[in-house]
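On a predicted model such as this, the values are computed, not experimentally measured, just so you know. Every heavy atom of this structure was used, including side-chain atoms; hydrogens, water molecules and symmetry mates were not. In this chain, numbering begins with 1 at the start of the sequence shown.
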Amino acid sequence: MSGIHDMGGAPGYGRVEPELDEPVFHSEWEGRVFGLVIAVKDGLSRPRLESLDPDEYLSGYYERWMLALERGLMARGALSAEELDAKSDYFRRNPGASPTRRVDPELTERVRQGMYRQRDVRRTPARAPAFDVGDRVRARRIRHGGHTRLPGYAQGKRGVIHAVYAAYDLPDDSRENDSAPAQQLYSVRFEGTELWGASTEPGTAVHVDMWEGYLEPLGSGVAEGTDA
């Protein structure tokens, strides 16, 4: 596991219980947090979110968004700890109070334009894709203190290239505001038995989007059925 965020497939957390007819937001404040994060695009970075203490990270989905956003705003000087403490204390003493509103149509329009501006996030790859559909690959074992989109349960496991996408920025980075070079992105199919053993429900397979640096070819030097 690379961090608390990498919980997929990990034992000990119980079953995933989908909520029937789940609303978009369970409370009004969740929608406010969502809107703030979308408007302040760089106020919630993956490294900041995943640097929360495990107890904070597991406090709830929008709770951790809010905590990371608060710390991001403080890091940028847009909010001070004193201002946050004073506001928190005010609403603890006045739970029915409404937040103050500042009406600024010009700023609102600039934020709206920024939110809805379409951006092509595809990048020009430095070289041709190393893999093609049908190629057998193995996910590397990657351990570092920062963010990675390579889930722990797939590391070291064998799969097959299912689709070849475009090149995108590699999101793995423990530093904020530093972009890594773009890499080719693939969809890789893993059989459930490869990931979780013979007791896996028959027919189970998982498709994981993986950057090229996550993968190594499963060539002649690796015997079938072995693991590194």
Side-chain angles (χ1 to χ4, degrees), residues 1-13 16 41-42 44-52 54 57 61 64 68 119-228:
M1 179 179 288
S2 298
I4 188 61
H5 63 283
D6 189 12
M7 299 168 59
Y13 292 96
V16 175
K41 290 182 181 298
D42 57 356
L44 179 64
S45 67
R46 285 285 178 184
R48 191 176 302 284
L49 186 65
E50 293 163 8
S51 66
L52 294 172
Y57 191 89
Y61 188 74
R64 62 175 172 261
R119 297 176 298 167
D120 189 351
V121 296
R122 292 172 298 183
R123 300 288 182 258
T124 302
R127 56 186 174 83
F131 304 108
D132 202 351
V133 173
D135 285 353
R136 299 175 65 249
V137 294
R138 185 194 302 272
R140 299 180 186 276
R141 298 184 187 278
I142 297 177
R143 291 289 186 273
H144 61 63
H147 175 75
T148 179
R149 296 294 177 90
L150 173 54
Y153 68 81
Q155 296 194 18
K157 303 300 183 182
R158 299 164 300 179
V160 177
I161 300 292
H162 176 74
V164 180
Y165 300 132
Y168 296 91
D169 289 341
L170 178 68
D172 291 34
D173 203 332
S174 61
R175 301 160 298 173
E176 290 191 76
N177 304 320
D178 289 338
S179 59
Q183 287 190 15
Q184 183 66 44
L185 185 66
Y186 303 90
S187 171
V188 183
R189 175 187 171 97
F190 295 90
E191 299 301 324
T193 50
E194 171 70 10
L195 297 176
W196 295 296
S199 61
T200 304
E201 181 179 352
T204 300
V206 176
H207 291 79
V208 184
D209 289 347
M210 291 189 160
W211 273 260
E212 194 163 283
Y214 296 172
L215 302 170
E216 59 185 5
L218 200 54
S220 56
V222 181
E224 189 73 25
T226 63
D227 198 0

message: Looking at every non-hydrogen atom in both residues, tell me the closest pair between Leu49 and Tyr57 and how far apart they are.
response: O-CD1, 3.6 Å
statement: Nearest heavy-atom contact between Gly152 and Asp6 is N-OD2, 2.8 Å
field: Side chain Gln183, main chain Asp169, donor-acceptor under 3.5 Å
entry: no
query: Is a donor on one side and an acceptor on the other found under 3.5 Å between the side chain of Gln155 and the backbone of Ile142?
result: yes
message: Please find the pair of heavy atoms, one from Pro125 and one from Gln184, that lie closest to each other, and give the distance.
response: CB-OE1, 4.5 Å
query: Any side-chain heavy atom of Leu215 sitting closer than 4.5 Å to one from Asp135?
result: no
query: Can you find a heavy atom in the side chain of Leu185 that is under 4.5 Å from one in the side chain of Asp209?
result: yes
message: Looking at every heavy atom in both Gly156 and Arg138, which two are closest together, and how far apart are they?
response: O-NH1, 3.3 Å
Side chain to side chain, Val121 and Tyr168, heavy atoms closer than 4.5 Å: yes
query: Among Phe190, Phe131, Tyr214, whose side chain to side chain contact (heavy atoms under 4.5 Å, CB included) with Val137 holds?
result: Phe131
- prompt: For residues 182-192, which residue pairs qualify under salt bridge (Lys or Arg N to Asp or Glu O under 4.0 Å), counting only residues two or more places apart or in two chains?
  reply: Arg189-Glu191
message: My understanding is that only residues two or more places apart in sequence, or in another chain, count here; which of them pass salt bridge (charged side-chain N to carboxylate O under 4.0 Å, His left out) with Asp120?
response: Arg122
field: 4.5 Å side-chain heavy-atom contact, Val164 and Asp132
entry: yes
query: So, do Ile161 and Val188 sit near enough that their side-chain heavy atoms are less than 4.5 Å apart?
result: yes
statement: When every non-hydrogen atom of Ala154 is compared with those of Ala139, the smallest separation belongs to O-CB, 3.3 Å
query: Considering only heavy atoms from C-beta outward, does the side chain of Tyr186 approach that of Val133 to under 4.5 Å?
result: no
message: Closer than 3.5 angstrom, by distance alone: can the side chain of Arg140 be matched with the main-chain N or O of Gly213 as a donor-acceptor pair?
response: yes
message: I'd like to know if Arg158 pairs up with Glu194 as an ion pair, taking the criterion as any Lys NZ or Arg NE/NH1/NH2 lying under 4.0 Å from an Asp or Glu carboxylate oxygen.
response: yes
